[in-house]
Amino acid sequence: MKVTTEGQLVQLIGPDGKDFHIRLQPGRRLQTHRGILYHDALIGVPLGSVVVSHTGSSYTLLDPSLEQLLRGIRRSTQIVYPKEIGYILLKMSIRPGVTVVEAGTGSGALTTGFASAVMPTGHVYSYEIRPDMQSLARHNLERMGLEPYVTLKLKDVAEGFDERDADALFLDLPTPWAYLEQAHATLRGGGFLGAILPTTNQVVQLLYALEHSPFTFVEVQEILIRGYKVIPARFRPADRMVGHTGYMIFARAVNPVVQAMPVDPSDPSDEEE
Ligand code: SAH
């Protein structure tokens with residue numbers, strides 16, 4: 001049976017649906033408006049249990065999903081939302097062992113997504129110009145125990161990225177077209193470029209810049225997600241829906257060098273079907 005351990009990040013959901021995210025530490029207590037929950041009594045308990053506060057209120061003990069942790073992130077910038085992060089990870093083939101470079105770090109929401117996908121063998125290098133943003137991102141990464149997989153750099157990416165042969169590079173800043181040269185120098189051949197922008201004007205400006213760059217296979221996409229009311233007798237969409245967050249732009253880094261095949265007519269070839 002899977003039980004909670006000391007130091008684990010858990011979620012407690014109360015009768016009113018209010019939830020608390022806490023890291024279990026011996027001797028500590030969670031004070032809610034419906035009574036106290038002692039960490040010691042929450043350590044070694046099976047996940048999914050219902051625990052009762054000292055005043056008799058029931059709380060469900062769960063491990064928060066990555067999506068919930070991302071929604072609860074402390075932010076002072078616009079962040080990349082879970083609906084986009086999931087797609088970005090697949091689109092740019094971000095998986096364990098991969099090297100990802102990104103700018104700017106912002107609140108570290110996307111950094112969190114990248115770090116949890118590349119760990120334990122991959123690494124994320126994240127650039128930011130504002131020290132206050134970097135500190136906030138560090139706080140958010142530490143809260144999730146992801147800081148070992150991320151190197152935070154305080155640097156203007158106009159000066160270039162320090163890494164070479166990166167598998168993927170993501171630009172979440174207002175003028176990504178200004179940094180395509182720096183991005184290409186950092187990516188391996190075939191590396192994945194991604195960007196997210198809030199306005200169509202910016203997308204068009206990036207598309208013009210990509211036309212004159214060593215990036216190809218350009219795609220632009222956006223993601224709409226619709227929540228539903230989970231009442232079986234009156235099952236229907238939620239009244240509200242997020243109408244717009246951002247446009248995602250993807251491309252691949254190619255090299256201008258042409259690799260010509262040797263001409264040898266006697267060479268038996270394995271023909272592809
Ligand atoms: N992806 C982040 C949000 C990034 S907000 C998240 O999900 O939380 C954009 C950030 O880019 C801002 O914090 C800004 O300070 C930073 N930035 C803007 N221009 C930059 C540059 N030239 N070099 C590095 N960082 C930059």
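This structure is a prediction, so every number in the text was calculated from the model and none was measured. One-based numbering, in listed order, for ligands and for the atoms of each.
Judged by the 6.0 Å distance and 45° axis criteria, Arg252 is not positioned over the aromatic ring of Phe215.
For the 3.5 Å distance criterion, the side chains of Glu6 and Gln8 fail to qualify, holding no donor opposite an acceptor.
Proximity of the aromatic rings of Phe235 and Tyr228 is defined here by a centroid distance below 6.0 angstrom, and this criterion is met.
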For a distance cut-off of 3.5 Å, show me each N or O of ligand 1 paired with any protein N or O, plus the separation.
unit_1, atom_1, unit_2, atom_2, d
ligand 1, 1 (N), Asp172, OD2, 2.7
ligand 1, 7 (O), Val80, N, 3.0
ligand 1, 7 (O), Leu110, N, 3.1
ligand 1, 8 (O), Ser107, N, 3.2
ligand 1, 8 (O), Gly108, N, 3.1
ligand 1, 8 (O), Ala109, N, 3.2
ligand 1, 13 (O), Glu128, OE1, 2.8
ligand 1, 13 (O), Glu128, OE2, 3.2
ligand 1, 15 (O), Glu128, OE2, 2.5
ligand 1, 22 (N), Asp156, OD1, 2.9
ligand 1, 22 (N), Tyr179, OH, 3.3
ligand 1, 23 (N), Val157, N, 3.1
ligand 1, 25 (N), Ile129, N, 3.4

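Screening Thr32, Thr60, Val51 against Leu12 for a side-chain contact (heavy atoms from CB on, under 4.5 Å) leaves a single residue, Val51.
No side-chain donor-acceptor contact under 3.5 Å links Thr105 to the backbone of Gln134.
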Show me the donor-acceptor pairs, under 3.5 Å and distance only, between side chains in residues 21-30 and residues at least two apart or in other chains.
unit_1, atom_1, unit_2, atom_2, d
His21, ND1, Arg143, NH2, 3.4
Arg23, NH1, Gly7, O, 2.7
Arg23, NH2, Arg143, O, 2.1
Gln25, OE1, Arg28, NH1, 3.0

